[in-house]
Chemist: 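A single structure is presented below for examination.
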Number of protein chains: 2
Amino acid sequence: MDDKVQVKQNRIDNIMTRFKGLGYRITPQRMAIVDILIQDANHPTVEQVYQKVRNDFPMTSRATVYKTIGLLKDMGEISELNISNSSSHYDGFNSEKHPHLVCNCCNEIIDLAEDVFGQVPQEAVQQHGYILQGHYVTIYGICPKCQELSKS
Amino acid sequence: MDDKVQVKQNRIDNIMTRFKGLGYRITPQRMAIVDILIQDANHPTVEQVYQKVRNDFPMTSRATVYKTIGLLKDMGEISELNISNSSSHYDGFNSEKHPHLVCNCCNEIIDLAEDVFGQVPQEAVQQHGYILQGHYVTIYGICPKCQELSKS
DNA sequence: CTACATGCAAACCCTTTGCAGGCTG
DNA sequence: CAGCCTGCAAAGGGTTTGCATGTAG
């Protein structure tokens with residue numbers, strides 16, 4: 001348990017170091033935004049990040065959230081999930097490495113273990129002469145909680 | 001070859017019959033839109049469908065295309081691909097059954113064979129108590145044509 | 001005559017951008 | 001003082017909606 005917390009903290013520190021190295025500044029808001037994206041296992045949307053940052057920094061604007069998330073995306077530190085056609089969700093870890101399980105009812109998004117699909121994408125791609133760059137897997141279903149709710 | 005054409009034609013006929021059964025009318029424009037979505041293997045966007053319909057029906061508006069595609073989506077006859085965060089692509093066949101291979105360079109989208117992943121999604125989902133409803137797989141890479149182009 | 005179909009324009013949502021002012025190094 | 005950071009408001013792109021008109025059954 002403490003290990004996981006430590007891993008995330010290290011990740012945040014690394015990101016901040018890279019940030020600095022690229023000539024960007026580390027501000028309290030940015031710290032908070034990065035924190036939310038990495039700590040939060042819920043793959044938040046920009047709006048959700050925005051609301052959370054505002055708990056601590058009420059003056060924060062959406063533009064700042066968008067801009068910071070844009071930087072992190074360009075740095076390859078977070079990835080964008082195109083789960084639905086409305087707003088994008090963001091994953092603080094590499095989304096190509098693990099599938100996502102989405103509840104069609106409450107929209108909960110949970111991470112599945114890495115490498116469930118092994119070499120399958122590589123083999124599938126080679127047949128078509130493609131060079132593999134990544135793969136995204138989204139599985140849809142109904143979560144246990146929503147199954148319960150639908151019974152009553 | 002002729003088989004494939006026949007399969008698609010049957011599919012179009014079935015959709016039209018369902019359309020009628022639901023109380024909707026079959027108009028030349030709608031015929032054309034359904035035709036494009038089913039015949040076209042390129043997973044077109046609304047804009048692309050719009051442009052194509054306009055070849056035959058220059059007065060067609062975007063709204064009509066959106067509304068017709070909306071109906072087909074609700075009927076479960078076509079599926080929406082959230083490949084990128086910009087405009088949606090539409091697949092005339094069940095997208096849960098086959099992965100898509102997308103070229104990061106020219107944005108070509110091709111269908112891979114069905115069932116590449118077998119029972120993997122089912123197993124992954126059961127561990128979390130979910131009821132499986134579907135899964136979407138998108139694999140990204142560089143297609144042979146773009147590999148050639150980048151060499152020169 | 002009722003109900004659906006169409007085109008237009010406006011509204012909407014999410015995201016990006018430009019700009020003026022503020023702050024950091 | 002150069003350059004990044006912020007908030008605001010405006011613009012942008014894709015999609016949806018309301019309404020008046022048209023048309024099929």
Side-chain angles (χ1 to χ4, degrees), chain A residues 15-37 43-75 78-90 107, chain B residues 15-37 43-75 78-90 107:
Chain A
I15 292 175
M16 290 312 177
T17 307
R18 282 198 66 201
F19 237 102
K20 226 173 183 170
L22 291 167
Y24 303 125
R25 277 181 214 139
I26 297 173
T27 64
Q29 268 117 317
R30 283 201 168 160
M31 277 292 290
I33 293 171
V34 172
D35 233 69
I36 291 164
L37 286 165
H43 309 80
T45 60
V46 168
E47 187 62 26
Q48 288 164 341
V49 173
Y50 172 69
Q51 295 300 341
K52 281 207 174 184
V53 187
R54 289 198 133 224
N55 290 340
D56 293 327
F57 303 94
M59 292 303 296
T60 308
S61 70
R62 265 175 258 265
T64 299
V65 178
Y66 274 106
K67 282 168 186 167
T68 303
I69 286 180
L71 287 177
L72 292 165
K73 213 169 44 171
D74 292 346
M75 289 166 68
I78 63 173
S79 40
E80 198 173 40
L81 305 183
N82 297 306
I83 303 277
S84 77
N85 52 338
S86 55
S87 41
S88 295
H89 292 256
Y90 292 90
N107 296 316
Chain B
I15 292 174
M16 291 311 175
T17 307
R18 282 198 66 201
F19 237 102
K20 226 174 185 170
L22 290 167
Y24 302 126
R25 278 181 215 140
I26 297 173
T27 65
Q29 267 116 319
R30 282 202 170 159
M31 277 291 291
I33 294 171
V34 172
D35 233 70
I36 290 163
L37 287 164
H43 310 80
T45 60
V46 168
E47 186 61 25
Q48 288 164 341
V49 173
Y50 172 70
Q51 295 300 343
K52 281 208 173 183
V53 188
R54 287 197 134 226
N55 290 338
D56 292 327
F57 302 94
M59 292 303 295
T60 307
S61 71
R62 264 175 259 264
T64 298
V65 178
Y66 273 106
K67 282 168 187 167
T68 303
I69 286 180
L71 287 176
L72 292 165
K73 213 170 45 173
D74 292 346
M75 289 165 67
I78 62 174
S79 40
E80 198 174 42
L81 305 182
N82 297 304
I83 303 278
S84 78
N85 52 340
S86 55
S87 42
S88 295
H89 291 256
Y90 293 90
N107 296 315

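Chain identifiers are assigned alphabetically (A, B, ...) following the order of the sequence lines, protein sequences preceding nucleic acid strands; residue numbering begins at 1 within each chain. Bear in mind that the values here come from a model prediction, so they are computed numbers and not experimental data.
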Chemist: Just the rounded figure in Å: distance from P of C:dT24 to NZ of A:K20.
Modeler: 14 Å

Chemist: Through what angle, rounded to 10 degrees, does the axis of the helix from C:dC1-D:dG25 to C:dG25-D:dC1 turn between its ends, using five pairs per end?
Modeler: 20°

Chemist: Rounding to a whole Å, what distance do you find between A:F19:CZ and C:dT24:P?
Modeler: 17 Å

Chemist: Any side-chain to backbone donor/acceptor pair from B:Q51 onto B:Q48? Under 3.5 Å, distance only.
Modeler: no

Chemist: Report yes or no: does B:H89 contribute a side-chain atom to a donor-acceptor pair with the main-chain N or O of B:L81 at less than 3.5 Å?
Modeler: no

Chemist: Nearest heavy-atom pair of A:Y50 and A:S61: which atoms, and what distance?
Modeler: CE1-C, 3.6 Å

Chemist: Ignoring hydrogens, what is the shortest heavy-atom contact between A:I33 and A:V65? Give both atom names and the distance.
Modeler: CD1-CA, 4.0 Å

Chemist: Polar atom pairs between nucleotides 1-4 of chain D and protein, under 3.5 Å, N or O only, would you list them?
Modeler:
{"unit_1": "D:dG3", "atom_1": "N2", "unit_2": "A:R25", "atom_2": "NH1", "d": "3.4"}
{"unit_1": "D:dG3", "atom_1": "N2", "unit_2": "A:R25", "atom_2": "NH2", "d": "3.2"}
{"unit_1": "D:dC4", "atom_1": "O2", "unit_2": "A:R25", "atom_2": "NH1", "d": "2.9"}

Chemist: Could you work out, with salt bridge (Lys or Arg N to Asp or Glu O under 4.0 Å) as the rule, every residue matching A:K73, not counting sequence neighbours?
Modeler: A:E80

Chemist: Rounded to the nearest 0.5 Å, how far does CE of B:M16 lie from CG of B:D35?
Modeler: 7.0 Å

Chemist: May I ask you to verify if any side-chain N or O of A:T64 is less than 4.0 angstrom from the OP1 or OP2 atom of D:dG7?
Modeler: yes

Chemist: List in chain and number order the residues that pass side chain to side chain donor-acceptor pair (under 3.5 Å) with A:D56, two or more places apart in sequence or in another chain; answer none if no residue qualifies.
Modeler: none

Chemist: Measure from CD on A:Q29 to P on D:dC8 and round the result to the nearest Å.
Modeler: 11 Å

Chemist: Could you check how far CD1 of A:I26 sits from P of D:dT6, rounded to whole Å?
Modeler: 12 Å

Chemist: Under 4.0 Å between a side-chain N or O of B:S88 and OP1 or OP2 of D:dG14?
Modeler: no

Chemist: Are side-chain heavy atoms of A:R30 and A:L71 found at a separation under 4.5 Å?
Modeler: yes

Chemist: Establish, with yes or no, whether the OP1 or OP2 oxygen of C:dT6 is under 4.0 angstrom from a side-chain nitrogen or oxygen of B:T27.
Modeler: yes

Chemist: Which of residues 47-61 of chain B have a heavy atom under 4.0 Å from DNA chain C?
Modeler: B:M59, B:T60, B:S61

Chemist: Separation of A:I83 atom CD1 from C:dC14 atom P, in whole Å?
Modeler: 16 Å

Chemist: Which heavy atom of B:M75 sits nearest a heavy atom of B:F19, and at what distance?
Modeler: CE-N, 4.0 Å

Chemist: I need the single residue from B:I69, B:I83, B:N82 that forms a side chain to side chain contact (heavy atoms under 4.5 Å, CB included) with B:S88. Which is it?
Modeler: B:N82

Chemist: Could you measure the distance from the OH atom of A:Y66 to the CD atom of A:E47? Nearest 0.5 Å is fine.
Modeler: 7.5 Å

Chemist: For nucleotides 16-21 of chain C, which of its nitrogen or oxygen atoms have a protein nitrogen or oxygen under 3.5 Å away, and what is each distance?
Modeler:
{"unit_1": "C:dG18", "atom_1": "O6", "unit_2": "A:K67", "atom_2": "NZ", "d": "3.1"}

Chemist: I need the B:I15 CD1 to B:L37 CG distance, nearest 0.5 Å.
Modeler: 8.5 Å

